[in-house]
Visitor: 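The structure that follows is given in the form of structure tokens.
These numbers come from the heavy atoms of this one structure, side chains and all, not from hydrogens, waters or symmetry mates. For ligands, and for the atoms within them, numbers begin at 1 and follow the listed sequence.
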Amino acid sequence: MKKIYIKTMGCQMNVYDSNRILDAMAALGYEETQDMNQADLMLINTCHIREKAADKVFSELGRMKEVRNIRLKQGKKTIIGLTGCVVQALGEEVFAKVKGLDIAVGPQSYHLLPELVVKYERTRERQIKATFSSEEKFKNLPKMNARGYTAFLAIQEGCDNFCSYCVVPYTRGCEYSRDAADILKEARNLVETGAKEIMLLGQNVDCWHGMGLDGVHEWNLAKLFEEVAKIEGLERIRYTTSYPVDITDDVIAAHKDIDKLMPYIHLPIQSGSDSVLKAMNRRYTVSEYLKVIDKLRKARPDIAVSSDFIVGFPGETEEDFLQTMKIVEDVKYAQSYSFKYSARPGTPASLMKNQIPQSVKEERLYQLQEKLLFMQKAFNEQFLGKNLPVLFIEASKGQVCGYSPYMQNVHAVEDKAVLGQIKNVKITRASASSLSGEII
Ligand code: SAH
Ligand code: SF4
Ligand code: F3S
């Protein structure tokens, strides 16, 4: 059997894609390995979102090329390929920019990878495919089995929002929603093969509008939750990412009505300043965003909210930044991701004149992250002495770990027999990044 090694960068969608790539390559007789030295095919599933992410590709590729040389001396051939958003962004240029590459496949074309590998082996000519048809991809992928107790399931791909800083609309294409029948089949299969929790994925998941089971009427996300929740053996449903003002009243109500839908929402605000939001081409004001949070908390008072933030967007003043700091206190986020603005080729924001110096971005990021960590610790500390239902998914060094309904990482000293089960844990310690306690 041949071996495939895949290094995944970027978002959850890329993790999902990597799993599907492994499934597609398994059909060609490739088995996954974690050891690069064993790999006949090495892939990097790339991300283009920030400059740093794209740069990582080059360092990883350097390591792969070294291993390829060592293997060559042992008489073994190695194919090196890139998949993911960098390929889509660069197109044919990828071969000029990234030296030593044999195969390149964009995020909508990876179902064609087996075919390209065979073609490469036959001709030894570089292969590239970077088209924009998500539909064809999803229709041509093999069945997906669960790889653990939690699974990602892409229901929607691409984005029509064109936030002025973001490359995703150019790398993932326009918005595409998969049909309910396809999604439900995949979800059932995931549960039959061991998944207890499914996270439904989309770049803008609230605008999912896939064809319903009657083949005539489209469903919305709330209806999909309802149907996925009926799958026996599935314990938890999550979804990400929500665009703040696209979340519908139905979805908000689902947080009250559907027990399996976890009380957690990732609702990226990006900035706490209306003028920055406008320049970012985000379609909401801070007060509209806060109204959505209010509605969610009315429906589900304990809902945990997380967010993404960008600091140092072109033109961001000290005053704008302080408004971002304020929103963090107002919302009391449970978790957050924060980034320095990174100018990306082809985006409107990269052409804006008023770019912010690196040192200012760094200082603002430092301040913001300190505050976010403080809030996260405060959020976690509320649970000291309380019981939380935890789905245990991993064991290591005599401990088991899993997730609370609010996405907190929870550790306990216990035998791995509890893996795949939800157990009540009495929380005895809390830090910014995790909780620990005793199973009761
Ligand atoms: N579709 C999602 C997430 C997209 S990318 C959404 O709309 O929220 C994930 C995060 O990366 C974004 O939320 C944003 O905070 C960050 N990001 C995107 N482009 C960026 C850029 N050019 N510089 C810095 N951060 C960026
Ligand atoms: Fe990018 Fe904006 Fe679309 Fe999110 S909503 S993927 S940030 S363009
Ligand atoms: Fe990166 Fe593409 Fe995801 S650019 S964040 S891997 S959609």
Visitor: Report the protein N/O/S neighbours of atom 2 (Fe) of ligand 3 that fall below 2.8 Å; do not count waters.
Guide: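 Listed by chain and number, the nearby protein N, O or S atoms are C85 SG.
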Visitor: State, to 0.1 Å, how close S350 and G346 come at their nearest heavy-atom pair, and which atoms those are.
Guide: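 Closest approach of S350 to G346, heavy atoms only: OG-N, 4.3 Å.
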Visitor: For a distance under 2.8 Å, give residue and atom name for each protein N, O or S atom next to atom 3 (Fe) of ligand 2.
Guide: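 Correct list: C159 SG.
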Visitor: Could you check ligand 1 for N or O atoms lying under 3.5 Å from protein N or O atoms and list the pairs with distances?
Guide:
unit_1	atom_1	unit_2	atom_2	d
ligand 1	1 (N)	Q203	O	2.7
ligand 1	11 (O)	R50	NH1	3.0
ligand 1	13 (O)	Q270	NE2	2.8
ligand 1	13 (O)	D308	OD2	2.6
ligand 1	15 (O)	Q270	OE1	2.7
ligand 1	17 (N)	R50	NH1	3.4
ligand 1	22 (N)	Y165	O	3.0
ligand 1	22 (N)	S342	O	2.8
ligand 1	23 (N)	S342	N	3.0
ligand 1	25 (N)	R50	NH1	3.3

Visitor: Is it possible for you to check whether R50 lies under 6.0 Å from the centre of the six-membered ring of F339, through NZ or CZ, and within 45° of that ring's axis?
Guide: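 Yes, R50 sits over the ring of F339.
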Visitor: Minimum heavy-atom separation for A39 and T78, please, with both atom names.
Guide: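 Scanning both residues completely, I find the closest heavy atoms to be O-CG2, 3.5 Å.
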Visitor: For H255 and Y239, I'd like to know if the aromatic rings sit close, meaning centre-to-centre distance below 6.0 Å.
Guide: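 So the answer is yes for these two rings.
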Visitor: I49 vs V168, test: side-chain contact (heavy atoms from CB on, under 4.5 Å). Steps then yes/no.
Guide: CA-CA 7 Å; I49 201 84; V168 171; 3.6 Å; yes
Visitor: Show the atoms of ligand 2 that are less than 4.0 angstrom away from any heavy atom in Y165.
Guide: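 In order of number, 7 (S).
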Visitor: Which heavy atom in E197 sits nearest to a heavy atom in R238, and how many Å separate them?
Guide: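 Here E197 and R238 meet closest at OE2-NE, 3.1 Å.
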Visitor: Distance only, no hydrogens: is a donor on one side chain within 3.5 Å (strictly under) of an acceptor on the other, for S306 and S336?
Guide: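 S336 and S306 do not have a side-chain donor-acceptor pair below 3.5 Å.
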Visitor: Which of parallel (below 30°), tilted (30 to 60°) and perpendicular (above 60°) describes Y333 and Y289?
Guide: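 Judged by the thresholds at 30° and 60°, the geometry between Y333 and Y289 is tilted.
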Visitor: Sort and list the pairs that fulfil ring pair (Phe, Tyr, Trp, His ring centres under 6.0 Å) and have at least one residue in residues 345-368, not counting sequence neighbours.
Guide: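 Passing the test, one end in residues 345-368: no pairs.
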Visitor: So is R282 in contact with ligand 2, going by heavy-atom distances below 4.0 Å?
Guide: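 Judged by the 4.0 Å heavy-atom criterion, R282 does count as contacting ligand 2.
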Visitor: Is ligand 3 under 4.0 Å from a heavy atom in the side chain of Q203, in the backbone, in both, or in neither?
Guide: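 Just the side chain.
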Visitor: How close do M13 and A154 get, counting heavy atoms only, and between which atoms?
Guide: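 Of all heavy-atom pairs spanning M13 and A154, the closest is SD-CB, 3.7 Å.
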Visitor: Applying the side-chain hydrogen bond (donor to acceptor under 3.5 Å, both in side chains) test to S18, which of T83, T8, D23 qualifies?
Guide: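 One option only clears the test, and that one is T8.
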Visitor: Do the two ring centres, one from F374 and one from F379, sit under 6.0 Å apart?
Guide: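 No, ring centres 6.0 Å or more apart.
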Visitor: Aromatic ring centroids of F392 and Y403 under 6.0 Å?
Guide: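 Not close enough - the centres of the two rings lie 6.0 Å or further apart.
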Visitor: Ring centroid separation for Y341 and F313, is it under 6.0 angstrom?
Guide: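 Distance test on ring centres: under 6.0 Å, yes.
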